[in-house]
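Take a look at the structure set out below.
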Amino acid sequence: MRYAVLGTGVVGQVIAGKLASLGHEVAVGTRDPEATLARSEPDGYGNPPFAHWKAAHEQVRLKTFADAAAWAESVVNATSGAGSLQALDAAGAANLAGKTLVDIANPLDFSQGMPPSLNPVNTDSLGEQIQRLFPQAKVVKTLNTMNCQVMVDPARVSGEHTVFVAGDDADAKKAVSELLVSFGWPHGSILDLGSIDAARGTEMLLPIWLRLWGAVGHADFNFHIQGGHTAA
Ligand SMILES: NC(=O)c1ccc[n+]([C@@H]2O[C@H](COP(=O)([O-])OP(=O)(O)OC[C@H]3O[C@@H](n4cnc5c(N)ncnc54)[C@H](OP(=O)(O)O)[C@@H]3O)[C@@H](O)[C@H]2O)c1
C-alpha cells in the first residue's frame, strides 16, 4: 500500500517508519520539503531535526502535502492540531477523495500557554471538522489517545489496553483496524466507538492523558476499557 503521512514531527516519523518497516511505500508530507530538510534545530521537545530521521530512512520519500496525498492510496494526518485544516487544505480535497484518512491529530491550543486547551471541544471535534471539510475522504480517528511510541509498539505497555477507532465509513474502519493489527494491536484491543462524532470524546481524553503523564512520570501507559470490546 502507498501511504502519505502528513506531518514531519515525531508522530509522523514514528508512523512513517513503522509503515516502511512493514513493507509499505511511504511518503512524508510537509509544507516545503527543502525548508524541512534544511532545519538544523531540534523541535520543541528536543527531538533531532527531521533531516536526521530522513537520513536513516532513505526509502521514505519527502513530498509536499499535495504531492504526497496525490501519490498515496491512503493518508495519515499527523500534523499539529492547530495546523491540520491548513495542511489538509494544502493536500487538496481532490487528492483526499475516496481515500482513507487516518486522523491522529489532537486539537491542542497552546496559545494561552500550558496546559493547552482544546479547540474545538465538547460540541465539535477536529475529526468532525476534517470530515465536514473533506466529505469525500473516509476519516477514521484513532491512536490519538496515547504516546506515538505506543501507537506502533503496543507491547511497550504491559497487559491489555485499548485503541479506539471512530468514523462514518465501515470499510475504512475495517481497513484501519487491520492496519492496527499489523502494528501489533490484538483484535480484542480495538474498540469501535461508532461514527466520527466520537472523536469529541477521544480528543477530550487529552487533558487527563497529560495529567496522567505527569503523575506516572513516563509516557508508556494507556487506557484500558475492561469488558465490552468488539473488533471493528
Ligand atoms: N506526540 C505524541 O506522542 C502524540 C500522541 C497523540 C497524538 N499526537 C498528535 O499528533 C500530531 C503530530 O504531533 P507532532 O508532535 O509529531 O508534530 P507537531 O509539531 O504537532 O506538528 C508538526 C507538523 O504540523 C505541520 N504544521 C504545523 N502548523 C501548520 C500549518 N499552519 N499549516 C500546515 N501544516 C502545519 C508541520 O508542517 P511542516 O512539516 O511543514 O513544518 C509539521 O508537519 C499532533 O496533532 C499531536 O497532537 C501526538
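When a ligand or atom number is given, it counts from 1 through the structure's own listing order. Along the sequence shown, residues carry numbers from 1.
Closest of all the heavy-atom pairs between A199 and G127 is CB-CA, 4.2 Å. Of all the heavy atoms in F65 and G7, the pair that sits closest is CE2-N, 4.0 Å.
Sorted by first and then second residue, the salt bridge (charged side-chain N to carboxylate O under 4.0 Å, His left out) pairs with a member in residues 29-49 form an empty list; sequence neighbours excluded.
To the nearest 0.5 Å, atom CG of residue D168 and atom CD1 of residue I196 are 6.5 Å apart.
With K54 contributing its side chain and L37 its backbone, the two residues share no donor-acceptor pair below 3.5 Å.
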Can you list the steps and then say if F221 with W209 is a ring-ring contact (aromatic ring centres under 6.0 Å, His included)? CA-CA 9 Å; F221 66 89; W209 189 93; 5.1 Å; yes
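Ligand 1 is surrounded by G7, T8, G9, V10, V11, T30, R31, R39, F65, A78, T79, S80, G81, G83, Q86, A87, I104, A105, N106, N144, M146, N147, C148, M151, each with at least one heavy atom closer than 4.0 Å.
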